[in-house]
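For reference, positions follow the sequence shown, starting with 1. Because the structure is predicted, anything quoted here is derived from the model rather than measured.
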Amino acid sequence: MATIDVYDIRKTKVSEMEINDSVFNADVKEYLIHEAVKIQLANRRAGTVAVKNRSAVSGGGKKPFRQKGTGQARQGCTRAPNYPGGGVAFGPRAKTYNLSMNKKARKAALRSALSLLFKESKMTVLNSFDLENISTKSFVGVLNGFAINKTLLVIDGENRTLELSARNVKEVKLLKPESLNIYDIMKYQSIIFTQDAVRKVEGALQS
């Protein structure tokens, strides 16, 4: 098994821990990462845009003028697209963009993304992330100590002090292990785990 250093919030090394090779030191399959990100972004699309066609626009039931003798083109309804207030021809319709990925491939994509960060030394493990009080300044000070500006922070359990301290910091996102997703991993390109969170992720993703 691979090992990684464990620090406290003052960047003092306190121990080392073994991490599961199948989760954090696996082969990086870039095609799976790409596919998983594409699917996650597609599934975010609402697909609710729509316009009314001539059958959905109210009114216009009466023929505007007689069929023959006016010198104009025949018209059957004032709600045709060529009339003001008429329906839209060939406008956008509501649709779904949802795509799916089987569970085995989705887990393999997450393992590849986490392994990529580990191999590029962009993964940090803390024994805990306990702040004395709610303080954005203290939270930013911890990140600066590790020379990290943009990061994904994964903690296990409730930590209200940390959540309130981190919520207004730009380019930092806090997640629980069960909410870990491929898009955020690739977006932030740096990740901080607590030890408990590492074990929980391993339990969910090990092959």
Side-chain angles (χ1 to χ4, degrees), residues 20 22-24 26-61 75-120 122-123 150-159 162-164 166-193 197-207:
N20 195 307
S22 67
V23 177
F24 292 103
D27 293 334
V28 177
K29 299 177 181 178
E30 295 182 357
Y31 69 94
L32 277 180
I33 296 175
H34 173 267
E35 186 72 12
V37 170
K38 182 182 72 173
I39 288 173
Q40 185 171 337
L41 291 178
N43 291 345
R44 288 184 178 186
R45 298 184 67 176
T48 53
V49 62
V51 295
K52 291 183 178 181
N53 57 22
R54 64 186 297 169
S55 67
V57 176
S58 63
Q75 301 290 333
C77 176
T78 56
R79 294 299 179 262
N82 57 303
Y83 276 98
V88 177
F90 308 114
R93 309 301 298 165
K95 62 177 290 186
T96 176
Y97 295 92
N98 290 351
L99 300 173
S100 62
M101 189 176 195
N102 68 63
K103 187 183 294 185
K104 185 177 180 180
R106 188 166 62 249
K107 286 186 175 182
L110 283 169
R111 290 194 294 266
S112 291
L114 292 171
S115 298
L116 180 64
L117 295 187
F118 173 71
K119 291 175 180 179
E120 293 181 349
K122 294 180 179 178
M123 174 176 159
K150 183 177 181 180
T151 189
L152 187 64
L153 179 57
V154 185
I155 64 168
D156 187 32
E158 293 296 325
N159 192 332
L162 179 59
E163 291 172 8
L164 294 176
R167 66 179 178 176
N168 287 330
V169 181
K170 187 178 180 181
E171 296 188 329
V172 171
K173 186 170 184 178
L174 191 148
L175 290 177
K176 300 293 178 60
E178 54 269 22
S179 300
L180 192 63
N181 63 89
I182 190 76
Y183 175 76
D184 282 332
I185 293 174
M186 301 312 298
K187 176 183 177 181
Y188 290 92
Q189 298 183 347
S190 173
I191 193 164
I192 298 175
F193 284 103
V198 169
R199 294 307 181 210
K200 197 157 188 178
V201 170
E202 286 179 337
L205 295 181
Q206 62 185 349
S207 55

pair [X]-[Y]: side-chain heavy atoms closer than 4.5 Å:
X	Y	value
V23	V198	no
L117	S190	no
V154	K200	no
I33	I185	no

Can you tell me how far [atom2] of [Y] sits from [atom1] of [X], rounded to the nearest 0.5 angstrom?
X	Y	atom1	atom2	result
N181	L110	CG	CG	7.5 Å
L162	L174	CG	CG	5.0 Å
M101	K38	CE	NZ	9.5 Å
L205	R106	CG	CZ	10.5 Å
T151	K173	OG1	NZ	12.5 Å
K95	R45	NZ	CZ	7.5 Å

Q.
Determine whether Y183 and V37 satisfy the following criterion, side-chain contact (heavy atoms from CB on, under 4.5 Å), listing intermediate values before the conclusion.
A. CA-CA 5 Å; Y183 175 76; V37 170; 4.2 Å; yes
Q) Would the number of heavy atoms belonging to other residues, nucleotides or ligands and lying under 6.0 Å from CG of N102 be above 12? A)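 Buried by this count: over 12 neighbours within 6.0 Å.
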Q: Assess whether atom CD of E163 is packed by more than 12 heavy atoms of other residues, nucleotides or ligands within 6.0 Å.
A: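 Yes, because the 6.0 Å sphere around CD of E163 holds more than 12 heavy atoms from other groups.
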Is the backbone of [Y] close enough, under 3.5 Å, to the side chain of [X] for a donor and an acceptor to pair up by distance?
X	Y	answer
K119	A26	yes
K107	A204	yes
N159	G157	no
R93	V51	yes
S115	D27	no
N53	F90	no
D184	K187	no

(Q) Looking at E158 and K176, is any side-chain nitrogen of the basic one under 4.0 Å from a carboxylate oxygen of the acidic one? (A)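 Yes.
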Q) F193 pairs by side-chain contact (heavy atoms from CB on, under 4.5 Å) with which of D156, L152, V201? A)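 Only one of D156, L152, V201 forms a side-chain contact (heavy atoms from CB on, under 4.5 Å) with F193, namely V201.
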Q: Take I39 and I182 through the side-chain contact (heavy atoms from CB on, under 4.5 Å) test and state the conclusion after the steps.
A: CA-CA 10 Å; I39 288 173; I182 190 76; over 6 Å; no
Q | Under 3.5 Å side-chain donor-acceptor pair for N20 and Q206 | A |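 Their side chains do contain a donor-acceptor pair, which is all the 3.5 Å distance test asks for.
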Q: Might you point out which heavy atoms bring R199 and E202 nearest each other, and give the distance in Å?
A: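 Reported closest heavy-atom pair: NH1-OE1, 2.7 Å.
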Q. Looking only at heavy atoms, what is the nearest atom pair of A50 and A94, with distance?
A.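 Here A50 and A94 meet closest at CB-N, 4.0 Å.
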Q.
Let's go through E30 and L116 carefully: what are the C-alpha distance in whole Å and the side-chain angles of both, what is the deciding distance for side-chain contact (heavy atoms from CB on, under 4.5 Å) to 0.1 Å, and is it a yes or a no?
A. CA-CA 9 Å; E30 295 182 357; L116 180 64; 5.8 Å; no
Under 3.5 Å, which donor-acceptor pairs link side chains of residues 78-88 to any protein atom two or more places apart or in another chain?
from: R79; atom 1: NE; to: S58; atom 2: O; distance (Å): 2.8

